[in-house]
Peer 1: 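Sharing a structure here in structure tokens format.
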Amino acid sequence: MTFLIALTLFVLAVFLGVELITKVPPTLHTPLMSGSNAISGITLIGAIATAGTDYSWLTNILVLGAVALATINVVGGFLVTHRMLGMFNRKR
Amino acid sequence: MTFLIALTLFVLAVFLGVELITKVPPTLHTPLMSGSNAISGITLIGAIATAGTDYSWLTNILVLGAVALATINVVGGFLVTHRMLGMFNRKR
Amino acid sequence: MDTFVQLGYLVSAALFILGLKRLSRPRTAVQGNMLGSTGMLVAVIVTLIGTEAAGIGIIIAGVILGGTIGVLLATRVAMTGMPQLVALFNGFGGIASLLVGAATLYPDLAEGVELEATDLATGALTIGIGAITFTGSLVAFAKLQELLTGDITQPAALRAANIGLVAMSAALGVLLVVMSGSIWMWLLALAALAAGITLVLPIGGADMPVVIALLNSFSGVAASTTGFVLGNSLLIIAGALVGASGLVLTLIMCRAMNRSLGNVLFGAIDAVAAGADGDRIYDGKVTSASADDVAMMLDTAAKVAIIPGYGMAVAQAQHAVRDLTRALEGQGKEVVFAIHPVAGRMPGHMNVLLAEAEIPYEQLKEMEHINPSFGQVDVAIVIGANDVVNPDARDDPDSPIAGMPILDADRARTVVVIKRSLSPGFAGVPNPLFALDNTMMLFGDGKAAVEEIITALADL
Amino acid sequence: MDTFVQLGYLVSAALFILGLKRLSRPRTAVQGNMLGSTGMLVAVIVTLIGTEAAGIGIIIAGVILGGTIGVLLATRVAMTGMPQLVALFNGFGGIASLLVGAATLYPDLAEGVELEATDLATGALTIGIGAITFTGSLVAFAKLQELLTGDITQPAALRAANIGLVAMSAALGVLLVVMSGSIWMWLLALAALAAGITLVLPIGGADMPVVIALLNSFSGVAASTTGFVLGNSLLIIAGALVGASGLVLTLIMCRAMNRSLGNVLFGAIDAVAAGADGDRIYDGKVTSASADDVAMMLDTAAKVAIIPGYGMAVAQAQHAVRDLTRALEGQGKEVVFAIHPVAGRMPGHMNVLLAEAEIPYEQLKEMEHINPSFGQVDVAIVIGANDVVNPDARDDPDSPIAGMPILDADRARTVVVIKRSLSPGFAGVPNPLFALDNTMMLFGDGKAAVEEIITALADL
Ligand SMILES: NC(=O)c1ccc[n+]([C@@H]2O[C@H](COP(=O)([O-])OP(=O)(O)OC[C@H]3O[C@@H](n4cnc5c(N)ncnc54)[C@H](OP(=O)(O)O)[C@@H]3O)[C@@H](O)[C@H]2O)c1
Ligand SMILES: NC(=O)c1ccc[n+]([C@@H]2O[C@H](COP(=O)([O-])OP(=O)(O)OC[C@H]3O[C@@H](n4cnc5c(N)ncnc54)[C@H](OP(=O)(O)O)[C@@H]3O)[C@@H](O)[C@H]2O)c1
């Protein structure tokens, strides 16, 4: 993938992100924030892909930290969002 | 560009197109249709890129036809949209 | 160099996106169209610079030829001819994609170069979809331009043939991928061209706008698959944007008519066949009136609603209607226009015509907004509209147009209907509105009739 | 194999998109979150299958460790602690991006392998933005968790330091690209970590939600640039989606407070400094009331509006408020909740709390809907809200919060304000509402005060 194709993907996704989020009701700001925050934990797959490419102790530690921290972000983020939304939904 | 990256671009653009167009007022259906129709004339750049890759008379004729027809679509499409929108806008 | 081209394509894609975004809001639509055309210009310039201009002669010849024709068509056509012109342009886009696909694949196929299966598959899609778009759009054009008139006698046979041809195209596409010979490519093109004709031929003229939007979506997809064949990111993106937006527009229109896409494509003729016995409904119940009668009725009215339809476009009556409006307003009456979303032959058709006649936008009321207040309307003047004010759609569940939302003109105190005869509108069904006690028919050409009313009003 | 991974990534990206789309509509939000997490699962599985699992031990250890901590944190936290937890998670995402960036670049940098300038540049961005996200989020967490309290004495100095550190980070990033040594990478990380601290430290606690949304956007961008470094399409797309949506959310919130982003980031402290002389406003004009007084007032009311604010969250008074509502409704009164978009410390904060107490969604009225009808409200009960009902924002153009839209509680026939003292809310400005003739203050903890009212009502 060339840099410019990568940039094209980036630009398309930015436009899409803007369109998806404009006009959310304030009620949903908090769950939307924590839900999209969980998605930003996608860096986890970067961490996984990086593991095992190098055997120096320094990179191994960096990678272990990256995997663990990104997992907290992902797992915690989705769970907490679910809990929050659950409170809204009991009412409908 | 691999096929799957191409497919990824396609999928992103489809999502984006859907988001951009949902909830257009009926008033704008006709100009929107002709405006997006003009954009579909983008195949013109495909025609241009194809010109000169091969010198057989058959491909040359195909390419000439493609360039001319796509140009009609592009030029005519944008112009006609502009005329239509002009009628709306005089009033504001 | 490649980086430069890619960067230009990215800028162009962004301009298309911003353009579409603005095109879909009334205030910014003109600007949106400008952005779109700027994007196209950027794309063309970048491509010209970026490719070895070996075929530059062909390119220049093609652009001059196409540009001239495009400008002539776009500037000469009357506003009423818009729908068919858009169909025609759309067809040209489709065949251009077909030709590009063929021109790219043909040399390699002819020389027996081994091609990737994905390239062959997307090439086959380009050719198939481009071909359907082309002939389908031409048929739509011919129908709207009334080059093709008269009833289609064998809709069922055409539909069967269409299914056969689409299946055959698919099979030929698979053969092209598997066997990789140029003969399959040409056969595929032929089958798909025939499929486009049989797809659109049996569809009623009233449904053409939906068909055009759908074919517009097709032409976008064809451009996009061309991008797959050429490895061109901008073609992929722009084509996909148009493909998606065309499909969304199609579905929005179907929803406005309360019909499914399948029903539009495969159900229209049956509906027309179903409603024919207008005589029984109209017999002895239709009140015919003169322009003087209408003027007297208007004289005592305080609130007037004008309902334009396809007939107003045919009669080019929009300027006369504007004059009538001004005359009535001069007498202190309130005049509004009730605009049905599918009045005319094209979405927004009435808005374009009335805007042309400089009727202020604020005076045009959408269906949902005006319907609840028809009870307060003293006189509803229906000019060349028919299906969009047919109470059967609302009241008779067995009507072929049952469920289509309508303007409740029949709830006005008095209804004046201006048309040339009792013949039906595009859905082909009779309209009980014409036989109501509070309806008076003013038979005649739309423009002439309105002008007569104006004169009669002045003479009162 | 690569095709398989790419296909999995495409599916995952589509799931994220659908997830975000649904998350932004109340009816589909739960489903949206499910789709998002499914997308993440697909991405992880595909990555595990697709990469040579050389470091599988590390991966498993990391996932188990992180997963356990994540589950514990997410299930243990109280609803009032949500904002800071989101900040914390966000910081972890930021540092993970930083670490991935460093782990990818470091081996090559250390061995002197020549790297593309674009890889180094996006690597520098990853490290810089990841670092700012990390420390910025930690400071936001500490502020919200009230680990960091007290006024920041030198906001101007901190801001100057912040500008210096950001400039330094940029310079170090350029050095990294040009000189390509690992030392620049570590220095860059340090400078950016310090920049994150100095960025968030001077910002007032009331503005933390905006800051968190902004840092959320940053963490998305950091993930996206990680994707550039690794050539990973999914990271690019998902990161960009979050980056854009975080920014849009930030701007929506700023608009709800009628402030610019620049003002939020660099102007908050001044506002707090500006409003201090509450004494003059309140002196001798504040009417203090007992729970019995309030109950008597409520007894004659027909329409009651409850306005919750941050204090209700602090007091955990939502269940008591629900009981009060039921009691009043039992006496045939109409009770509505007026929800200000930035009441509390987090957008939607009040909605979450009231939903927890099972107050029906239909009873919650948004600001624009309730404001025109405050004239018909007999008693407005303000529970722990302050800034969002400050009439100065509407009437005094010199007020530090001038222009922020407020709930027009002062237009109700009678206002009851429940809070512990006359001390200001988070904007730090005095509130003339408390000194109005038709306002009675019920001093005390929110929960206790509401319970007293319920008892008093029952005893009437
Ligand atoms: N707008 C769209 O986008 C769209 C899309 C798809 C389908 N359609 C369909 O098109 C139809 C539109 O309804 P509509 O009410 O506007 O039109 P309509 O139902 O087609 O009726 C038009 C009427 O105009 C009369 N007319 C024709 N020429 C005239 C002239 N020169 N002067 C006076 N009257 C004239 C005709 O009656 P005479 O021959 O007796 O004069 C005819 O009954 C609907 O069925 C709709 O579903 C529209
Ligand atoms: N929601 C968001 O997303 C968001 C985002 C950014 C900024 N903000 C800012 O946050 C503020 C929110 O306004 P607000 O009116 O909800 O809150 P506020 O203005 O911060 O006032 C909260 C009040 O609650 C009282 N309180 C605290 N603990 C209490 C307890 N245990 N029992 C009873 N009362 C208690 C406090 O007074 P006492 O100490 O006298 O009791 C205080 O005056 C606004 O300035 C807004 O701009 C919110």
Side-chain angles (χ1 to χ4, degrees), chain A residues 1 3 6 9-10 13-14 16-18 20-22 24 26-37 39-52 54 59-60 62-82 84-85 87-89 91, chain D residues 16 20-21 23-24 29-30 33 36-37 40 43 47 51 54-55 58-59 62-63 65-67 69-70 73-74 86 89-90 92-93 95-97 99-100 102-104 107 118 213 216 219-220 223 226 228 230-231 235-238 240-242 244-245 248 341 346-348 351 355-356 360-361:
Chain A
M1 192 164 54
F3 174 72
L9 287 174
F10 180 80
V14 165
L16 191 50
V18 170
L20 288 173
I21 304 302
T22 30
V24 222
T27 328
L28 283 175
H29 284 178
T30 300
L32 188 61
M33 209 149 91
S34 74
S36 66
N37 173 31
I39 294 180
S40 79
I42 187 68
T43 201
L44 172 59
I45 67 165
I48 294 178
T50 317
D54 182 274
T59 39
N60 276 344
L62 293 181
V63 167
L64 176 65
V67 171
L69 291 162
T71 307
I72 299 182
N73 187 357
V74 168
V75 174
F78 282 121
L79 254 184
V80 104
T81 310
H82 190 73
M84 251 187 273
L85 291 171
M87 310 231 137
F88 285 80
N89 249 54
K91 311 294 103 32
Chain D
F16 287 152
L20 275 180
K21 189 176 164 117
L23 257 180
S24 54
V30 172
N33 192 49
S37 45
M40 190 61 78
T47 310
T51 49
I58 294 180
I59 296 170
V63 167
L65 186 66
I69 299 176
L73 286 176
V86 173
F89 287 157
N90 197 45
F92 291 162
I95 185 142
S97 288
L99 294 177
V100 173
T104 312
T118 50
N216 188 11
S219 75
T226 312
F228 278 82
L230 298 176
L235 275 175
I236 296 174
I237 295 169
L241 285 172
V242 176
S245 71
V248 172
M346 180 123 222
N351 302 67
E356 190 194 350
Y361 192 73

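Quick note on labels: first sequence line is chain A, next is B, and so on, each numbered from 1. Values below: all heavy atoms of this structure, side chains included; hydrogens, waters and symmetry mates excluded.
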Peer 1: Looking at T71(A), L79(A), T81(A), which one has more heavy-atom pairs under 4.5 Å with chain D than the rest?
Peer 2: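 Looking at each option in turn, the highest pair count goes to T71(A).
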Peer 1: Of the listed residues (A43(D), S37(D), P341(D)), which shares the most heavy-atom pairs with chain A below a 4.5 Å separation?
Peer 2: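 Top option by heavy-atom pairs under 4.5 Å: S37(D).
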Peer 1: Output the distance between atom CG (L20(D)) and atom OG (S36(A)), rounded to the nearest 0.5 Å.
Peer 2: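 Taking CG in L20(D) and OG in S36(A), the distance rounds to 6.5 Å.
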Peer 1: Could you state the interatomic distance from CD1 (I21(A)) to CE (M33(A)), rounded to the nearest 0.5 Å?
Peer 2: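 Spacing of CD1 (I21(A)) from CE (M33(A)) equals 12.5 Å.
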Peer 1: Do we see a donor-acceptor contact under 3.5 Å between the side chains of S219(D) and N37(A)?
Peer 2: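 N37(A) and S219(D) do not have a side-chain donor-acceptor pair below 3.5 Å.
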Peer 1: So for I39(A), is it side chain, backbone, both, or neither that comes closer than 4.5 Å to the heavy atoms of chain D?
Peer 2: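 Contact with chain D is through both the backbone and side chain of I39(A).
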Peer 1: Checking heavy atoms, do the side chain of V74(A), its backbone, both or neither come under 4.5 Å from chain D?
Peer 2: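 Contact with chain D involves the side chain of V74(A) alone.
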Peer 1: Under 30°, 30 to 60°, or over 60°: which ring-plane class applies to F228(D) and F10(A), parallel, tilted or perpendicular?
Peer 2: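 Judged by the thresholds at 30° and 60°, the geometry between F228(D) and F10(A) is perpendicular.
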Peer 1: For T226(D), is it the side chain, the backbone, both, or neither that has a heavy atom closer than 4.5 Å to a heavy atom of chain A?
Peer 2: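 The answer is the side chain of T226(D).
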Peer 1: Who among L65(D), L230(D), T104(D), N90(D) has the most heavy-atom pairs with chain A under 4.5 Å?
Peer 2: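 So the answer, after comparing L65(D), L230(D), T104(D), N90(D), is N90(D).
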Peer 1: For the interface with chain D, which of T30(A), L44(A), V67(A) has the highest count of heavy-atom pairs at distances below 4.5 Å?
Peer 2: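 Winner by heavy-atom pair count: T30(A).
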Peer 1: Could you give the distance from CD1 (I48(A)) to CD1 (I59(D)), rounded to the nearest 0.5 Å?
Peer 2: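 Taking CD1 in I48(A) and CD1 in I59(D), the distance rounds to 5.5 Å.
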Peer 1: May I ask you to name which of I42(A), L62(A), L64(A) has the most heavy-atom pairs under 4.5 Å with chain D?
Peer 2: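 The residue among I42(A), L62(A), L64(A) with the greatest pair count is I42(A).
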Peer 1: Sort I237(D) into side chain, backbone, both or neither according to what part of it lies under 4.5 angstrom from a heavy atom of chain A.
Peer 2: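 Both backbone and side chain.
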Peer 1: Just so I know, are the side chains of S40(A) and N216(D) near enough to count as touching, which here means a heavy-atom distance under 4.5 Å?
Peer 2: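 Sidechains of N216(D) and S40(A): in contact.
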Peer 1: What is the minimum heavy-atom distance between L69(A) and A96(D), and which atoms define it?
Peer 2: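 Minimum heavy-atom contact is CB-CB, 4.4 Å.
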